[in-house]
Q: 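Okay, handing you the structure first.
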Amino acid sequence: MASRVIIADGAMGTMLQAANPTLEDFQNHEGCNEILNVTRPDVVRAVHDEYLAVGVDAIETNTFGANWANLAEYGIEDRIYELAYAGGKIAREAADAFSTPDKPRFVLGSLGPGTKLPTLGHTTYAHLKDAYRIASQGLVDAGADALLIETTQDLLQAKAAVNGAREVLDALDRDVVLIAQVTVETTGTMLLGSEIGAALDALEPLDIDLIGLNCATGPAEMSEHLRYLAKNSKVAISVMPNAGLPILGPNGASYPLSPDELAEALSTFTKDYGLTLIGGCCGTTPAHLKAVVEKVS
């Protein structure tokens, strides 16, 4: 299977904020980027187009926060399907516009972790699973080629997302890829203490197509975890690191890795670990992904 280049919501969010949307654009839900799928599809489409223009094979939908926990903070948890579908539709139209017979472009429906972890008693597994089912339905109805469960910090939350998505996918008459990515902190474990081996044991039996890592760290900190997956996983592997470890400054977080440095790291990972999907998370600009495309293709 050929390597693919993808982008992540971390970069999407930064670029959407840079477009300086108004409070009216957010329908008075300031900071809820998924609202822009409905009110400012032109802004969301422009971000997709920037990444597609540098040659990526796939883009993520602007739906990282289209989940129960995030939307409930704004009192709009009843809009999961609406915002997931709208985000999927924008990405589908962008991907189709850039697709050619020689280079089709793909849409990955982003399913973020939310802020409520069932292992800590914030919510129940059943409630989360149903919410992920609704979001997944919206994404596949809009034409997503894959569902990407990403930035998971709690294995019970990850299971709820996978099983909610699987209910939708099992009812389809077309093939949609299911990807599960965990976030391993600089401590070497997920937020709740699970190691990469535990994540593999928990998620691989759930009929996922790929397992991988994204967010929290840069590529250097992910290497040993990828090595473990390469040796032990029976399913394909993905990785989407940040552009290095974040550096906090007066204007928030910045990321130190240059485009060439990120491209070199991902090229090495592809050779050493046989990765199928590669891309970038927080701090990865179109320039970063352009360098990755040029290096690995």
Q: Do the side chain of Thr284 and the main chain of Cys281 share a donor and acceptor less than 3.5 angstrom apart?
A: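 Such a contact is found between Thr284 side chain and Cys281 backbone.
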Q: According to ring-ring contact (aromatic ring centres under 6.0 Å, His included), who are the partners of His29, at least two apart in sequence or on a separate chain?
A: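 Residues passing ring-ring contact (aromatic ring centres under 6.0 Å, His included) with His29: Tyr74.
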Q: Are Met222 and Val184 packed together at the side-chain level, in the sense that at least one heavy-atom pair is separated by less than 4.5 angstrom?
A: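 SC-SC contact between Met222 and Val184 ruled out.
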Q: Once ring-ring contact (aromatic ring centres under 6.0 Å, His included) is applied, do any residues pair with His122, and if so which ones, sequence neighbours excluded?
A: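 His122 satisfies ring-ring contact (aromatic ring centres under 6.0 Å, His included) with no residue once adjacent residues are dropped.
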Q: With sequence neighbours left out, write down each residue that passes side chain to side chain donor-acceptor pair (under 3.5 Å) with Lys116, or none if nothing qualifies.
A: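 Partners of Lys116 under the side chain to side chain donor-acceptor pair (under 3.5 Å) test: none.
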Q: Got a second to check how far Asn28's CG is from Ile76's CD1, nearest 0.5 Å?
A: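 Asn28 atom CG to Ile76 atom CD1 measures 11.0 Å (nearest 0.5 Å).
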Q: Scan residues 238-294 for pairs that pass ring-ring contact (aromatic ring centres under 6.0 Å, His included), counting only residues two or more places apart or in two chains.
A: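 Residue pairs passing ring-ring contact (aromatic ring centres under 6.0 Å, His included), neighbours aside: Phe269-Tyr273.
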Q: Look only at the side chain of Thr124 and the backbone of His127, and say whether a donor-acceptor pair between them is shorter than 3.5 Å.
A: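 Confirmed, Thr124 side chain pairs with His127 backbone.
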Q: Decide, yes or no, whether a salt bridge links Glu34 with Arg79 under the criterion of side-chain N to carboxylate O below 4.0 Å.
A: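 No.
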Q: Output yes when a side-chain donor or acceptor of Asp154 lies under 3.5 Å from a complementary backbone atom of Thr119, and no otherwise.
A: yes
Q: Check whether any side-chain heavy atom of Leu108 sits under 4.5 Å from a side-chain heavy atom of Val177, and report yes or no.
A: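 Side chain of Leu108 against side chain of Val177, heavy atoms only: no contact under 4.5 Å found.
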Q: Any side-chain heavy atom of Tyr85 sitting closer than 4.5 Å to one from Leu139?
A: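 They are not in contact (no side-chain heavy atoms under 4.5 Å apart), so the answer is no.
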Q: Do the side chains of Glu60 and Leu148 get nearer than 4.5 Å, heavy atoms only?
A: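 Yes, at least one pair of side-chain atoms sits under 4.5 Å.
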Q: With the side chain counted from C-beta on, respond yes when Leu203 and Val182 share a heavy-atom pair under 4.5 Å apart, and no when they do not.
A: yes
Q: For Ser136, give me all partners under side chain to side chain donor-acceptor pair (under 3.5 Å), at least two apart in sequence or on another chain.
A: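 Ser136: no side chain to side chain donor-acceptor pair (under 3.5 Å) contacts found.
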Q: Hey, is Arg166 close enough to Asp207 for a salt bridge, meaning N to O under 4.0 Å?
A: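 Judged by the 4.0 Å cut-off on N to carboxylate O distance, Arg166 and Asp207 do form a salt bridge.
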Q: Decide yes or no for Glu150 and Ser110: does some side-chain heavy atom of the first lie under 4.5 Å from some side-chain heavy atom of the second?
A: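 They are in side-chain contact.
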Q: Donor-acceptor check, side chain of Asn242 to backbone of Leu245, threshold 3.5 angstrom: yes or no?
A: no
Q: I'd like to know if the side chain of Arg133 and the backbone of Val168 have a donor-acceptor N/O pair within less than 3.5 Å.
A: no
Q: Does Thr152 reach the main-chain N or O of Gln181 with its side chain, forming a donor-acceptor pair under 3.5 Å?
A: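 Yes; judged by distance alone, with no hydrogens or angles, the pair exists.
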Q: I'd like to know whether Thr183 forms a side chain to side chain contact (heavy atoms under 4.5 Å, CB included) with Asn214, so could you lay out the CA-CA distance, the side-chain angles of the two residues, the decisive distance to 0.1 Å, and finally the verdict.
A: CA-CA 6 Å; Thr183 294; Asn214 80 288; 4.0 Å; yes
Q: Just so I know, are the side chains of Ser238 and Leu275 near enough to count as touching, which here means a heavy-atom distance under 4.5 Å?
A: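 SC-SC contact between Ser238 and Leu275 ruled out.
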Q: Applying side chain to side chain donor-acceptor pair (under 3.5 Å), can you list everything that pairs with Asn163, at least two apart in sequence or on another chain?
A: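 In terms of side chain to side chain donor-acceptor pair (under 3.5 Å), with neighbours along the sequence ignored, Asn163 is linked to Tyr125.
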Q: Under the ring-ring contact (aromatic ring centres under 6.0 Å, His included) definition, can you give me all pairs with a residue in residues 183-233, not counting sequence neighbours?
A: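 Qualifying pairs, neighbours excluded: none.
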Q: Decide side chain to side chain contact (heavy atoms under 4.5 Å, CB included) for Leu169 and Leu178; before the verdict, give the C-alpha distance in whole Å, the side-chain angles of both, and the deciding distance to 0.1 Å.
A: CA-CA 9 Å; Leu169 301 189; Leu178 183 56; 3.9 Å; yes
Q: Step through the shown structure and confirm whether more than 12 heavy atoms of other residues, nucleotides or ligands are within 6.0 Å of CD on Glu195.
A: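 12 or below, so no.
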Q: Which salt bridge (charged side-chain N to carboxylate O under 4.0 Å, His left out) pairs, counting each pair once, include a residue from residues 15-28, with sequence neighbours left out?
A: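 For residues 15-28: Asp25-Arg40.
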Q: Side-chain contact test, heavy atoms from C-beta onward, threshold under 4.5 Å: evaluate it for Ile208 versus Ile211 and give yes or no.
A: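 Sidechains of Ile211 and Ile208: in contact.
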Q: Kindly state each residue pair satisfying side chain to side chain donor-acceptor pair (under 3.5 Å) with at least one member in residues 88-98, sequence neighbours excluded.
A: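 Applying side chain to side chain donor-acceptor pair (under 3.5 Å) to every pair that reaches into residues 88-98, excluding sequence neighbours, yields Lys89-Glu93, Arg92-Asp96, Arg92-Asp145.
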Q: Quick check: does any side chain N or O of Thr270 sit under 3.5 Å from a backbone N or O of Leu266, one acting as donor and the other as acceptor?
A: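 Side chain of Thr270 to backbone of Leu266: a pair is present.
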Q: Identify every side-chain donor-acceptor pair in residues 256-263 under 3.5 Å, counting partners at least two apart or on other chains, and give the distances.
A:
residue	atom	partner	partner atom	Å
Ser258	OG	Glu261	N	3.1
Ser258	OG	Glu261	OE1	3.3
Glu261	OE1	Ser258	N	2.8

Q: Got a sec, which pairs hit salt bridge (charged side-chain N to carboxylate O under 4.0 Å, His left out) with one end in residues 213-241, sequence neighbours left out?
A: Glu224-Arg227
Q: With sequence neighbours left out, what residues match Arg45 under side chain to side chain donor-acceptor pair (under 3.5 Å)?
A: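 Result, side chain to side chain donor-acceptor pair (under 3.5 Å) vs Arg45: Asp49.
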Q: Kindly check if the number of other-residue, nucleotide or ligand heavy atoms within 6.0 Å of CD (Glu167) is above 12?
A: yes
